[in-house]
Amino acid sequence: MELLKEKIKQEGKVLSDTVLKVDSFLNHQIDPELMLEIGKEFAARFKEEGVTKILTLESSGIAPAVMTGLYLNVPVVFARKRKSLTLVNDLLTAEVYSFTKQETNEISVSQKFISENDRLLIIDDFLANGQAALGLADIVDQAKASIAGMGIVIEKGFQDGGKQLREKGYKVESLAIVQSLANSKVTFTQVEEM
Ligand code: 5GP
């Protein structure tokens with residue numbers, strides 16, 4: 001998605017050879033117009049997949065997920081990373097090792113929001129080693145629901161997650177695939193645009 005790649009080139013900060021910071025439009029401040037375009041693009045890529053609900057992870061997945069939900073006309077559920085006092089019963093949980101925080105979090109979703117008949121589109125902001133996406137997929141499996149695919153805003157193609165998820169047979173659509181962050185420079189893998 002050219003608009004997204006331009007934004008990454010202009011505003012992304014390369015923190016190391018493996019970490020990209022995009023806090024001016026996705027991870028802290030949010031660019032609503034760009035999120036709307038991202039939602040439109042995910043909706044186009046998954047419109048034939050029978051999506052009934054979107055599942056994401058707080059907090060940075062929420063903005064792109066909500067915009068996608070708007071276009072696909074389906075609800076959006078986000079997994080929580082911290083235990084909430086009001087979220088105690090009937091939880092579906094999974095362990096997720098965080099690449100950026102280097103710690104394991106338990107993520108949870110109330111089981112009342114995912115039913116066996118649901119077909120979920122998993123959305124996240126970044127794909128690195130695939131831990132977040134696999135944790136969300138685990139929650140969908142526990143609910144005996146099905147997975148329509150995974151929509152990733154920024155995939156880091158030099159890390160293993162994308163390969164792992166595609167090998168498992170998931171339809172993974174990434175709007176920008178970063179090939180390298182070496183020498184403080186962002187280069188992208190050319191992928192076919194729809
Ligand atoms: P994974 O679970 O695929 O290893 O990592 C994906 C998760 O880690 C995303 O939910 C995202 O929050 C975070 N993440 C991974 N790599 C980056 C990165 O380069 N930049 C930022 N901002 N977040 C990242």
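Ligands are counted one by one from 1 in listed order, and the atoms in each one are counted from 1 as well. The analysis underlying the following values was restricted to heavy atoms, covering all of them including side chains, and did not include hydrogens, waters or symmetry mates.
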Closest non-hydrogen atom pair between Lys171 and Arg45, with its separation: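 The answer is NZ-O, 2.8 Å.
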For Leu121 versus Met150, what's the shortest heavy-atom pair and its separation?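 Reported closest heavy-atom pair: CD1-N, 4.0 Å.
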May I ask whether Phe99 and Val186 are part of the same hydrophobic cluster, defined by side-chain heavy atoms of I, L, V, M, F, W, Y residues being less than 4.5 angstrom apart, directly or through others?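 No.
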Show me, by chain and number, every protein residue that has a heavy-atom distance under 4.0 Å to ligand 1.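 Within the 4.0 Å shell of ligand 1, which is judged on heavy atoms, sit Thr18, Val19, Leu20, Asn27, Phe99, Thr100, Asp124, Asp125, Phe126, Leu127, Ala128, Asn129, Gly130, Gln131, Ala132, Lys156.
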Phe158: partners by side-chain contact (heavy atoms from CB on, under 4.5 Å), with sequence neighbours left out: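 For Phe158, the residues satisfying side-chain contact (heavy atoms from CB on, under 4.5 Å) (neighbours in sequence not counted) are Thr18, Lys156, Val178, Leu181.
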Consider only side-chain N and O atoms of Thr104 and Glu95, and report whether a donor and an acceptor are under 3.5 Å apart.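 No, Glu95 and Thr104 have no side-chain donor paired with an acceptor closer than 3.5 Å.
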Are a donor atom and an acceptor atom from the side chains of Asn105 and Ser98 found within less than 3.5 Å of each other?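 There is no such pair (donor and acceptor under 3.5 Å, judged by atom type) between the side chains of Asn105 and Ser98.
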